[in-house]
Engineer: 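Below is a structure I'd like to ask you about.
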Amino acid sequence: MGLLLNFSGHKLEAGTDEAGRGCLSGPVVAAAVILPENFEHSLLNDSKKMSEGQRKKLLPIIEEHAIAFGVAFVDQKEIDEINILQASITAMHRAIDLLNITPEFIIVDGNKFRPYKDIPSETIVKGDGKYLSIAAASVLAKTYRDLYMEKIHKDFPIYNWKKNKGYPTKEHRLAIRDVGSCEHHRQTFKLLPDEQLSLF
């Protein structure tokens, strides 16, 4: 079954999603997208089911055809201050702020959201695999975040962020164990397990 174009029946329905919640370093990034009524693309799916090459190919297509889109970052310092759930929702709100058209309805990937102004919204578990606008937002959020992690990788190549994008891989944690964390790490996250050796 293909992804659905609309949940609410409103023409200006924004889908929003985030990327990077489970990472040990870097920002959480969210996107919001309003798609036209006739939008379709054979590649578009939940971003986790797409290859990096497919996401990068789709990025300009989504941006060109969307009625409106916005992408927002919440950095690791703010994540440490307000916690990752609040940071994820804040990033989604900021992405919606960047839309140049006010949506009539907002659909959100997951099951947690704070009301945005007076616009009705609905959370949808695994929404990025059900609705095109959430899938499009997931592609933008993931791609922009990956590009950012590749950029900061150049200053901290020991963590190999160009490959792991900040996720808690064995290689990433070994590097933290060997050289410690850096300014891009989320200090409120468990960067190493209590029993370090149990991981390796």
Engineer: Is it true that Phe73 and Leu99 fall in one hydrophobic cluster, defined by side-chain heavy atoms closer than 4.5 Å?
Structural biologist: no
Engineer: Judged by atom type as modelled, is there a donor-acceptor pair below 3.5 Å linking the side chain of Glu13 to the main-chain atoms of His10?
Structural biologist: no
Engineer: CZ of Phe69 to CG of Asn100: how many Å apart, nearest 0.5 Å?
Structural biologist: 9.0 Å
Engineer: Over all heavy atoms of both residues, which pair between Ala30 and Ala95 is shortest? Give the atoms and the distance, please.
Structural biologist: O-CB, 3.7 Å
Engineer: Can you give me the closest heavy-atom contact between Gly166 and Ser25, atom names plus distance?
Structural biologist: CA-OG, 3.4 Å
Engineer: Any heavy-atom pair between the side chains of Lys162 and Pro157 that's under 4.5 Å?
Structural biologist: no
Engineer: Determine whether a donor-acceptor pair (N or O, by modelled atom type, separation under 3.5 Å) exists between the side chain of Arg145 and the backbone of Pro27.
Structural biologist: yes
Engineer: Without hydrogens or angle criteria, can the side chains of Ser8 and Glu122 be said to hold a donor-acceptor pair below 3.5 Å?
Structural biologist: no
Engineer: Are Ile62 and Ile34 linked, directly or through other ILVMFWY residues, by side chains that come within less than 4.5 angstrom of each other?
Structural biologist: no
Engineer: Using every non-hydrogen atom in the two residues, find where Cys23 and Phe189 come nearest and quote the distance to one decimal.
Structural biologist: O-CE2, 3.1 Å
Engineer: Going only through I, L, V, M, F, W and Y residues with side-chain contacts under 4.5 Å, is there a path from Leu35 to Ile119?
Structural biologist: no
Engineer: Give me the atom names and distance for the closest heavy-atom approach of Pro103 to Ile96.
Structural biologist: CG-CG2, 4.2 Å
Engineer: Verify side-chain contact (heavy atoms from CB on, under 4.5 Å) between Val29 and Tyr148, making sure each step is shown before the conclusion.
Structural biologist: CA-CA 10 Å; Val29 179; Tyr148 177 82; over 6 Å; no
Engineer: Does the side chain of Asp80 come under 3.5 Å of the side chain of Thr188 through a donor N or O and an acceptor N or O?
Structural biologist: yes
Engineer: For Pro168, does its backbone N or O pair with a side-chain atom of Asn164 as donor and acceptor, under 3.5 Å?
Structural biologist: no
Engineer: When rounded to the nearest 0.5 angstrom, what distance separates OH in Tyr116 from CE in Met92?
Structural biologist: 13.0 Å
Engineer: Checking Phe39 now: which residues fulfil ring pair (Phe, Tyr, Trp, His ring centres under 6.0 Å) with it, not counting sequence neighbours?
Structural biologist: none
Engineer: State, with a plain yes or no, whether a side-chain heavy atom of Lys130 is found less than 4.5 Å away from one of Leu4.
Structural biologist: no
Engineer: Could you give the distance from CG (Leu12) to CD1 (Ile106), rounded to the nearest 0.5 Å?
Structural biologist: 11.5 Å
Engineer: Is there a side-chain contact between His65 and Asn38 (heavy atoms, below 4.5 Å)?
Structural biologist: no
Engineer: Is a side-chain donor or acceptor of Glu18 paired with a backbone partner of Ile89 at a separation under 3.5 angstrom?
Structural biologist: no
Engineer: With the threshold set at 4.0 Å, does a side-chain nitrogen-carboxylate oxygen contact exist between Lys48 and Asp128?
Structural biologist: yes
Engineer: Is there a side-chain contact between Val74 and Ile79, using heavy atoms and a 4.5 Å cut-off?
Structural biologist: yes
Engineer: Got Gln187 and Ser181 here, is their nearest side-chain heavy-atom distance under 4.5 Å?
Structural biologist: yes
Engineer: Any donor and acceptor pair, going by atom type alone, linking the side chain of Ser138 with main-chain N or O of Ser47 inside 3.5 Å?
Structural biologist: yes
Engineer: Can you check whether His93's main-chain N or O pairs, donor with acceptor, with Arg114's side chain at less than 3.5 Å?
Structural biologist: no
Engineer: Would you check if the side chain of Arg186 reaches a backbone N or O of Lys77 as a donor-acceptor pair within less than 3.5 Å?
Structural biologist: no
Engineer: Do Ile84 and Ile176 share a hydrophobic cluster, counting only Ile, Leu, Val, Met, Phe, Trp and Tyr and linking them when any side-chain heavy atoms are less than 4.5 Å apart?
Structural biologist: yes
Engineer: Do Leu140 and Leu3 share a hydrophobic cluster (ILVMFWY, side-chain heavy atoms under 4.5 Å, transitive)?
Structural biologist: yes
Engineer: Could you tell me which residues satisfy ring pair (Phe, Tyr, Trp, His ring centres under 6.0 Å) with His185, sequence neighbours excluded, listed by chain and number?
Structural biologist: Tyr159, Trp161, His172
Engineer: Determine whether Lys190 and Leu24 satisfy the following criterion, side-chain contact (heavy atoms from CB on, under 4.5 Å), listing intermediate values before the conclusion.
Structural biologist: CA-CA 8 Å; Lys190 187 170 277 192; Leu24 302 179; over 6 Å; no
Engineer: Ile107 and Ser133: which non-hydrogen atoms are nearest, and at how many Å?
Structural biologist: CD1-OG, 3.5 Å
Engineer: Say whether Tyr131 and Asp109, considering side chains only, have a donor N or O and an acceptor N or O under 3.5 Å apart.
Structural biologist: no
Engineer: Less than 4.5 Å apart, side chain to side chain, heavy atoms only: is that true for Ile124 and Phe7?
Structural biologist: yes
Engineer: When rounded to the nearest 0.5 angstrom, what distance separates CG in Leu192 from CG in Leu174?
Structural biologist: 9.0 Å
Engineer: Backbone N or O of Ala31 within a donor-acceptor pair of the Thr16 side chain at under 3.5 Å?
Structural biologist: yes
Engineer: Distance check, rounded to the nearest 0.5 Å: Lys112 atom NZ versus Thr123 atom OG1?
Structural biologist: 8.5 Å
Engineer: So, for Ser88 and Arg21, which heavy atoms are closest and what is the spacing to 0.1 Å?
Structural biologist: OG-CG, 3.0 Å
Engineer: Less than 4.5 Å apart, any side-chain heavy atom of Lys165 and any of Glu150?
Structural biologist: yes
Engineer: Could you measure the distance from the CG atom of Asn45 to the CD atom of Gln54? Nearest 0.5 Å is fine.
Structural biologist: 9.0 Å
Engineer: Hey, are the side chains of Leu58 and Met50 touching, using non-hydrogen atoms and a 4.5 Å cut-off?
Structural biologist: yes
Engineer: Can you list everything that forms a salt bridge (charged side-chain N to carboxylate O under 4.0 Å, His left out) with Asp146? Sequence neighbours excluded, please.
Structural biologist: Arg55, Lys142
Engineer: Between Arg94 and Glu78, does any side-chain N to carboxylate O distance fall below 4.0 Å?
Structural biologist: yes
